[in-house]
Amino acid sequence: MKKVKALILRTAGTNCDCETQTAFELSGAIAERIHVNALIEKKDKIFEYDILVFPGGFSYGDDIASGKILANEVKNKLGNRIKKFALSGRPIIGICNGFQVLVKMGLLPDPELFEQVSTLSYNDSDKFECRWVYLKTEKKIKNESNCVWTKNLPDIISLPIAHGEGKFIPDGRKLLDSLNKNNQIVFRYCSKDGGKPEYPLDPNGSVDQIAGICNTAGNVFGLMPHPERYIFALQHPARKSFCGGVYGWGKVIFQNAVDFVK
Ligand SMILES: NC(=O)CC[C@H](N)C(=O)O
């Protein structure tokens, strides 16, 4: 059987790209970390891959606004190909800084529109927040939408966050309503029992506690938490697997995309 190939796009300031590579390899894929300059030199190389990943980090030092410079670079130099990749239905994920990049280049929430209509801004606390949080896997998404990344997750999972600019703000009520209506809100921060969280479990003050969104087709997904930091059960502070075996919930997210491509 053909091996699934994931491209992890890195640049100055990227982090957790190695953890992300490990997550895909453990899920049965070939994962390659490619520098953005190398991809810009051979633009069509992108179509040799089945999955595209914008990993976490502090790309270009978070200058101007986190993710903004990489978003502009990628949109200006690879925009047509990235849009084609997204509209072909291939899975794309943006993790933390990668989510900021997807939102700021406008690939989320609508790759067809490809315009920035929302942002991730400074946390309400005005500082970097780093801890484990609870996330509600939105029921509607699980039952009705085709978000390829979050299948088989329970109602509430736990993942680590680490960011200074994670406050999701859509441009206006109309957009928020349409994200809700189209089942594009994938994760919301919540309390341990799934209720509305207070700070610090609400780490940033996102509108509607939004922690992750996808496009309507469900193949492009961005989230502030770091699934690649919960691949193994032992990475959780409780030191046990909630999904059975040696793996953590983060692994399920990567496995979903690999299985989808297969
Ligand atoms: N962990 C990350 O990817 C951090 C994202 C970004 N640099 C921020 O602080 O908001």
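Note that ligands are numbered from 1 as they come in the structure, with each ligand's atoms numbered from 1 the same way. Just so it is clear, the structure is predicted and the values come from calculations on it, not from any experiment.
- Ranking protein heavy atoms by distance to atom 5 (C) of ligand 1, first place goes to Gly57 O, 3.3 Å.
- Of all protein heavy atoms, the one closest to atom 2 (C) of ligand 1 is Cys96 SG, 2.9 Å.
- Within the 4.0 Å heavy-atom cutoff, His226 counts among the residues contacting ligand 1.
- With a 4.0 Å heavy-atom cut-off, ligand 1 is reached by the side chain of Asp62 but not by its N, CA, C or O.
- Two rings, from Tyr230 and His236, have their centers less than 6.0 Å apart.
- Remark: distances from the non-hydrogen atoms of Gly166 to ligand 1 are all 4.0 Å or more.
- In this structure, Lys84 satisfies the cation-pi test against Phe47, with its NZ or CZ atom closer than 6.0 Å to the six-membered ring centre and inside 45 degrees of the ring normal.
- For ligand 1 and His163, the ligand atoms under 4.0 Å from any heavy atom of the residue are 8 (C), 9 (O), 10 (O).
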CA sep, side-chain torsions, deciding dist, call: Ile92, Ile51, side-chain contact (heavy atoms from CB on, under 4.5 Å): CA-CA 6 Å; Ile92 299 180; Ile51 298 173; over 6 Å; no
Step-by-step side chain to side chain donor-acceptor pair (under 3.5 Å) determination, Gln255 to Lys151: CA-CA 10 Å; Gln255 189 72 60; Lys151 305 224 181 289; over 6 Å; no
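- Among all non-hydrogen protein atoms, the one lying nearest atom 1 (N) of ligand 1 is Ala162 O, 2.8 Å.
- With distances taken over non-hydrogen atoms, the option nearest atom 9 (O) of ligand 1 out of Pro160, Gly164, Ala65, Pro55 is Gly164.
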Cys18 and Glu228: CA distance, side-chain angles, deciding distance, side-chain contact (heavy atoms from CB on, under 4.5 Å) verdict: CA-CA 9 Å; Cys18 292; Glu228 81 287 10; over 6 Å; no
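- Residue-ligand proximity, Gly56 to ligand 1, at heavy-atom distances under 4.0 Å covers atoms 3 (O).
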Stepwise side-chain contact (heavy atoms from CB on, under 4.5 Å) test for Leu39 and Leu7: CA-CA 10 Å; Leu39 191 61; Leu7 188 169; 4.1 Å; yes
Chi angles and distances behind the side-chain contact (heavy atoms from CB on, under 4.5 Å) call for Asn123, Lys127: CA-CA 7 Å; Asn123 299 342; Lys127 61 186 175 71; over 6 Å; no
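- Taking distance alone, with nitrogen or oxygen atoms compared against 3.5 Å, Gln100 approaches ligand 1 more closely than that limit.
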